[in-house]
Amino acid sequence: MSLDQKQVKEIAYLARLNVSDSELVKSTEELNNILNLMEELGDIDTGEIEPMAHPLQMSQRLRTDEVTETDLSKEFQEIAPKKGKDHFLVPTVIE
């Protein structure tokens, strides 16, 4: 897969990036290099490889899960302008 300059310009617009004409050529080339690398990585056979959760064989120390704050949801529900059963209602804007 490769991108042309028109596609890169559209991507830049959608990402709200200001890409000048001089940067457009280099950006197109760099994006195409990244896409080519991704295609090469996709060609590697990883069928016999066991997935890892972490690149190092180690266990993660986790803290105990303790509640440290009081539940204030009822108090917040009381002052809400609109509410449902245990949730806030957000007004929708129709244009």
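Only this structure's heavy atoms are used, side chains among them; waters, hydrogens and symmetry mates stay out.
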| message | For the OG1 atom of Thr46 and the CD atom of Glu50, what is their distance to the nearest 0.5 Å? | response | 13.0 Å
| query | Which heavy-atom pair separates Asp86 from Lys74 by the least distance, and what is that distance? | reply | OD1-NZ, 3.0 Å
| query | Do the non-hydrogen side-chain atoms of Gln7 and Leu31 ever get within less than 4.5 Å of each other? | reply | no
| query | Does a side-chain heavy-atom distance below 4.5 Å link Leu24 with Gln5? | reply | yes
| request: Report the distance from atom CD1 of Ile44 to atom CD1 of Ile49, rounding to the nearest 0.5 Å. | output: 10.0 Å
| Are more than 12 heavy atoms from other residues, nucleotides or ligands located less than 6.0 Å from atom CZ of Phe88? | yes
| request: Over all heavy atoms of both residues, which pair between Ser27 and Val8 is shortest? Give the atoms and the distance, please. | output: CB-CG1, 4.4 Å
| Rounded to the nearest 0.5 Å, how far apart are CD of Gln77 and NE2 of His87? | 8.0 Å
| Between atom CD1 of Ile11 and atom CG of Leu3, what is the distance when rounded to the nearest 0.5 Å? | 5.0 Å
| Leu35 side, atom CG; Asn32 side, atom CG - distance, nearest 0.5 Å | 6.0 Å
| request: Please examine the side chains of Lys9 and Val19, heavy atoms only from C-beta on, and report whether any two atoms are closer than 4.5 Å. | output: no
| task | Any chance you could measure Ser2, atom OG, to Glu29, atom CD, to the nearest 0.5 Å? | result | 12.5 Å
| said: Side chains of Thr28 and Asp4, heavy atoms from C-beta outward: is any pair under 4.5 Å? | reply: no
| request: Scan for side-chain hydrogen bond (donor to acceptor under 3.5 Å, both in side chains) pairs involving residues 11-26, sequence neighbours excluded, and state none if there are none. | output: Ser20-Ser22, Ser20-Glu23
